[in-house]
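Numbering of ligands and ligand atoms starts at 1, following listing order. All values derive from a computational prediction rather than experimental measurement.
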Amino acid sequence: MRVVNSPLALQKLLEEEQGSIGFVPTMGALHLGHRTLISAAKNANDIVVVSIFVNPTQFLEGEDLDAYPRKEEADKKVCELSGVDYLFYPTVASMYGTDEVSLNAPNIRGYIMEGTSRPGHFSGVLTVVNKLFNIVNPTRAYFGKKDAQQVMLIEAMVTNLFMNVEIVAMDTVREKDGLAMSSRNAYMNEQERTEALYIVKSLRVATQMVMKGALDIAKIKDEMLHVLKPLEVVYVTIVNRSFEPIDKVEIGNTIILIEAISGTTRLLDNIWI
Ligand code: AMP
């Protein structure tokens, strides 16, 4: 595995490679969720590139940019053992200049849900993913459905900007008790970690309602909010897979999304129905 810090050096190295490139962009503190994306990239491509970059432009003022877990040595080992060919580990200064051209998230889909609680967050995500795609020029790029709104916006960017990359969305990897794996889970103490499971419970309740034929969005949301009472709920939203509002669950075309805070930790989860 080669660890490359310079964007231009990586671009040059990858231009010289033959075959398909599978790319997994991450912010590090790698867990089994990331490793699942890396395995999928490995299975379908000749070369696997992983990036680890805690991207400052997607953090708002006062968020956890400085506190975000950084585990350089452990992450390098994970990548090496997972058969990664290139680990891209850039500095902020090498990725961003001053007075830059940047991308804006779409006015509606980029400013609902997580985009409401974190205005501008998705513009930062799209800007950095665009840069990373231009450096790596991947055949396929792998993202987690856990960040459903992020995947939808990246797919929109690829379509809107006529980018030549296949986006592969992977199912959420969970802990044994159902909690969605996240680098931010490490922020929680035992009690907060236990309370976070109300998120999983509320998604189970919603799934059970749908299985029994209760498809009314308002009723499902009410039940979920009842289960989520011990947490600070930022939103519970039920939309179709184009992220448009719906009144009734459409089986095969619905996503139920939650953002809730346990202690001070912002947690996202969702289920695709
Ligand atoms: P992050 O390092 O949190 O920015 O995540 C990097 C990529 O891994 C994103 O595409 C995430 O959606 C994905 N990811 C994070 N957690 C999980 C998980 N539990 N299961 C599957 N993918 C995940």
Examine ligand 1 and decide if any of its atoms is less than 4.0 Å from a heavy atom belonging to [X].
X: Thr36; answer: no
X: Ala29; answer: no
X: Met170; answer: no
X: Leu32; answer: no
X: His31; answer: yes

Taking atom types as modelled and ignoring hydrogens, do the side chains of Thr265 and Glu192 form a donor-acceptor contact shorter than 3.5 angstrom?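 No, because no side-chain N or O of Thr265 sits under 3.5 Å from a partner of the opposite role on Glu192.
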Without hydrogens or angle criteria, can the side chains of Glu15 and Gln11 be said to hold a donor-acceptor pair below 3.5 Å?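 Glu15 vs Gln11: no donor-acceptor pair found between side chains.
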For ligand 1, which atoms sit closer than 4.0 Å to a heavy atom of [X]?
X: Phe143; result: 10 (O)
X: Met181; result: 16 (N), 17 (C), 18 (C), 19 (N)
X: Asp147; result: 11 (C), 12 (O)

Heavy-atom proximity to atom 23 (C) of ligand 1, best of Gly144, Ser183, Pro25, Ala141: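 Nearest heavy atom to atom 23 (C) of ligand 1 lies in Gly144.
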What protein heavy atom lies closest to atom 3 (O) of ligand 1? Include the residue and the distance to one decimal.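 Closest protein heavy atom to atom 3 (O) of ligand 1: Tyr68 OH, 3.9 Å.
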Which residue supplies the protein heavy atom nearest to atom 20 (N) of ligand 1, what is that atom called, and how far is it?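 For atom 20 (N) of ligand 1, the nearest protein heavy atom comes out as Val173 N, 2.8 Å.
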Can you find a pair of side-chain heavy atoms, one from Leu126 and one from Ile154, that are under 4.5 Å apart?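 In short, these two side chains touch, coming nearer than 4.5 Å.
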Straight-line distance of Phe122 CZ to Gln149 CD, nearest 0.5 Å: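 With rounding to 0.5 Å, CZ (Phe122) is 3.5 Å from CD (Gln149).
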Nearest 0.5 Å, please: how far is CG in Leu8 from CD1 in Ile135?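 So the gap between those two atoms works out to 7.5 Å.
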Could you tell me whether a side-chain N or O of [X] sits under 3.5 Å from a main-chain N or O of [Y], the two making a donor and an acceptor?
X: Ser182; Y: Arg184; result: yes
X: Arg140; Y: Ala44; result: yes
X: Asn270; Y: Lys146; result: yes

With side-chain contact (heavy atoms from CB on, under 4.5 Å) as the test, pick out the partner of Val84 among Ile38, Val24, Val3.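 Answer to the side-chain contact (heavy atoms from CB on, under 4.5 Å) test with Val84 among Ile38, Val24, Val3: Ile38.
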Lys146 contact mode with ligand 1 (heavy-atom cut-off under 4.0 Å):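 The side chain, only.
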If we set the cut-off at 4.0 Å for heavy atoms, which region of His34 has an atom near ligand 1: side chain, backbone, both, or neither?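 It is the side chain that gets close, since no backbone atom is under 4.0 Å.
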Between Met27 and ligand 1, is there a nitrogen or oxygen pair with a distance under 3.5 Å?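 In this structure, Met27 places an N or O atom under 3.5 Å from an N or O of ligand 1.
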